[in-house]
Amino acid sequence: MTVPGLLIVISGPSGTGKGSICRCLLKRRPDIFLSVSATTRLPRAGETNGKEYHFKDKTEFEAMLAQDEFLEWASVYDNYYGTPRTPVDSALAQGRDVLLEIDIKGALKVKQKAPEGIYIFLVPPSMEVLRTRITGRGTDSMEVISKRLGKSMEELSYLYEYNYVVVNDVLEEAAAKVESIIIAEKSRTHRYRIQSNAGPEEPLLVEKDLKNW
Ligand code: ADP
Ligand code: 5GP
């Protein structure tokens, strides 16, 4: 029997560095499966369809919605974003740990469906640093930037819905913290069952399928 992988959800205000942390984490841990969301947002320079996102128009996205193809979806800054359900379910079923990088509304919806997941909230070291990062990304208009900054303070209040918080100051250090959280989560006692009838060369502990336990 394959024990399902861990569902790891990273979210936090726009521009805190979720995308950067995920890329850094995946370099350290290429075994983790990154869910690629669908969005109606237009691709930014350098983004490729199927890599950062599956870029859809509104009609295509609504057709996916009608077919119940999303684990969760949300309207974020006037665009739709959604997590396709099938790739996530199959990767978890194959025992792979799955990473979702989604907004706060979406994360809370996933938490209701999958409370056994781990929920990590990423915050910037300060509002000034956040402003510099969003502006420095150079991909959004001034109007979008001020909308996103305005919402960030309000979004911080969702911190306590999450299991962990990571301050994204130095990128490599923050990614290492996320990796440590994953390692610690996988070492928690409640994930294991003692195999009392184990043979001399068999493992003493086996991982539990927490969903079906
Ligand atoms: P999000 O995915 O949360 O919207 P991004 O990963 O796109 O955020 O990061 C926003 C901007 O901040 C990008 O230009 C990115 O290069 C920069 N950035 C992210 N993390 C750091 C960091 N720790 N130090 C300096 N710049 C960072
Ligand atoms: P961006 O347009 O900067 O790539 O993303 C905007 C916001 O949408 C970010 O907070 C990002 O995490 C979030 N997002 C990306 N994909 C999804 C998704 O599938 N579902 C939800 N709910 N949010 C998403």
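Each ligand, and each atom within it, is numbered from 1 in the order the structure gives. Everything quoted here is computed from the prediction, not taken from an experiment.
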J.: Less than 4.5 Å apart, any side-chain heavy atom of Leu7 and any of Leu99?
T.: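 Contact flag for Leu7/Leu99 side chains = no.
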
J.: Does ligand 2 come near enough to Trp73 that some N or O of the ligand is less than 3.5 Å from an N or O of the residue?
T.: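 Such a contact does not occur with ligand 2.
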
J.: Between Tyr160 and Phe121, does the ring centroid distance fall short of 6.0 Å?
T.: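 Ring centres of Phe121 and Tyr160 not closer than 6.0 Å.
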
J.: Among all the protein's non-hydrogen atoms, which is closest to atom 11 (C) of ligand 2, and how far away is it?
T.: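 Atom 11 (C) of ligand 2 sits closest to the protein heavy atom Glu101 OE2, 3.7 Å.
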
J.: With a 4.0 Å cut-off, would you call Glu185 and Arg191 a salt bridge?
T.: yes

J.: For atom 3 (O) of ligand 2, which of Lys105, Arg44, Lys109, Arg41 has the closest heavy atom?
T.: Arg44

J.: Using a strict threshold of under 4.0 Å (side-chain N to carboxylate O), is an ion pair present between Arg133 and Glu128?
T.: no

J.: So, Asp97 side chain and Leu6 main chain: donor-acceptor pair closer than 3.5 Å or not?
T.: yes

J.: Can an N or O of Gly19 be found at a distance shorter than 3.5 Å from an N or O of ligand 1?
T.: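 Yes - when backbone and side-chain N and O of Gly19 are compared with those of ligand 1, one distance drops under 3.5 Å.
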
J.: Pull out every atom of ligand 1 sitting under 4.0 Å from any heavy atom of Leu171, numbered as shown with elements.
T.: 20 (N), 23 (N)

J.: Is the closest heavy-atom distance from Arg148 to ligand 2 below 4.0 Å?
T.: yes

J.: Should Phe70 be listed as contacting ligand 2, given a heavy-atom distance under 4.0 Å as the test?
T.: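 No, that is not the case, since the closest heavy atom of the residue is not under 4.0 Å from the ligand.
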
J.: Nearest to atom 4 (O) of ligand 2, what protein heavy atom do you find, and at what distance?
T.: Tyr53 OH, 2.5 Å

J.: Counting from 1, what ligand 2 atoms have a heavy atom of Lys18 closer than 4.0 Å?
T.: 9 (C), 10 (O), 12 (O)

J.: Suppose we measure from atom 6 (C) of ligand 2 to each protein heavy atom; which comes out shortest, and what is that distance?
T.: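 Residue, atom and distance for the closest contact: Tyr81 OH, 3.5 Å.
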
J.: Out of all atoms in ligand 2, which are within 4.0 Å of some heavy atom of Ala74? Include the element for each.
T.: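 The list of qualifying atoms is 22 (N).
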
J.: Which of the listed options, Arg44, Lys18, Arg133, holds the heavy atom that is closest to atom 27 (C) of ligand 1?
T.: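 That would be Arg133.
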
J.: Can you report which non-hydrogen protein atom sits closest to atom 20 (N) of ligand 2, along with the distance?
T.: Glu72 OE2, 2.7 Å

J.: Closest non-hydrogen protein atom to atom 7 (C) of ligand 2, residue and atom name please, with distance?
T.: Val76 CG1, 3.8 Å

J.: Where the closest heavy atom to atom 16 (O) of ligand 1 is concerned, which of Ser20, Gly12, Gly15 has it?
T.: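 Looking at heavy atoms only, Ser20 sits closest to atom 16 (O) of ligand 1.
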
J.: What are the atoms of ligand 1, with element, lying closer than 4.0 Å to any heavy atom of Asp169?
T.: 22 (C), 23 (N), 24 (N)

J.: Would Gly82 count as a contact residue for ligand 2, given that I'm defining contact as a non-hydrogen atom of the residue lying under 4.0 Å from a ligand atom?
T.: yes

J.: Leu26 and Ile118: same hydrophobic cluster, using ILVMFWY side-chain contacts below 4.5 Å?
T.: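 Leu26 clusters together with Ile118.
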
J.: Would one find an N or O of Asn168, backbone or side chain, under 3.5 Å from an N or O of ligand 1?
T.: yes

J.: At what distance is the nearest protein heavy atom to atom 16 (N) of ligand 2, and which residue and atom is it?
T.: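 Residue, atom and distance for the closest contact: Ser37 OG, 3.1 Å.
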
J.: Please work out which of the three classes, parallel, tilted or perpendicular, describes the rings of Phe61 and Phe70, given edges at 30° and 60°.
T.: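 Judged by the thresholds at 30° and 60°, the geometry between Phe70 and Phe61 is parallel.
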
J.: Quick check on contacts: which atoms of ligand 2 are under 4.0 angstrom from a heavy atom of Gly106?
T.: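 Per the distance check, 22 (N).
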
J.: Identify, for atom 23 (N) of ligand 2, the protein heavy atom at the shortest distance, and state residue, atom and that distance.
T.: Asp103 N, 3.0 Å

J.: For atom 7 (O) of ligand 1, what is the closest protein heavy atom, and at what distance to 0.1 Å?
T.: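 Ranking protein heavy atoms by distance from atom 7 (O) of ligand 1, first comes Arg137 NH1, 2.8 Å.
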
J.: Please round to the nearest 0.5 Å and tell me the distance separating atom CD of Glu101 and atom OG1 of Thr83.
T.: 10.0 Å

J.: Could you check whether Glu47 pairs with Arg41 (Lys NZ or Arg NE/NH1/NH2 to Asp/Glu carboxylate O, under 4.0 Å)?
T.: yes

J.: Could you check if a side-chain atom of Ile120 sits within less than 4.5 angstrom of a side-chain atom of Asn163, using non-hydrogen atoms only?
T.: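 Side chain of Ile120 against side chain of Asn163, heavy atoms only: no contact under 4.5 Å found.
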
J.: So, regarding Gly17 and ligand 1 (criterion: nitrogen or oxygen to nitrogen or oxygen, under 3.5 Å), is there a contact or not?
T.: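 Yes: some nitrogen or oxygen of Gly17 is under 3.5 Å from one in ligand 1.
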
J.: Could you state whether Leu156 and Leu149 fall into the same hydrophobic cluster, counting links through intermediate Ile, Leu, Val, Met, Phe, Trp or Tyr residues with side-chain heavy atoms under 4.5 angstrom apart?
T.: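 Same cluster.
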
J.: Would you check if there is a donor-acceptor pair between the side chains of Tyr158 and Ser11 at a distance under 3.5 Å?
T.: no

J.: For ligand 1, is any non-hydrogen atom under 4.0 Å from Ile21's backbone (N, CA, C, O), its side chain (CB onward), both, or neither?
T.: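 Neither; no heavy atom under 4.0 Å.
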
J.: Both conditions, 6.0 Å and 45 degrees, for the charged tip of Lys109 above the ring of Trp73: are they met here?
T.: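 Judged by the rule (NZ or CZ under 6.0 Å from the ring centre, within 45° of its axis), Lys109 counts as positioned above Trp73.
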
J.: Look at the side chain of Thr48 and the backbone N and O of Lys51, then say whether any donor-acceptor pair between them is shorter than 3.5 Å.
T.: no

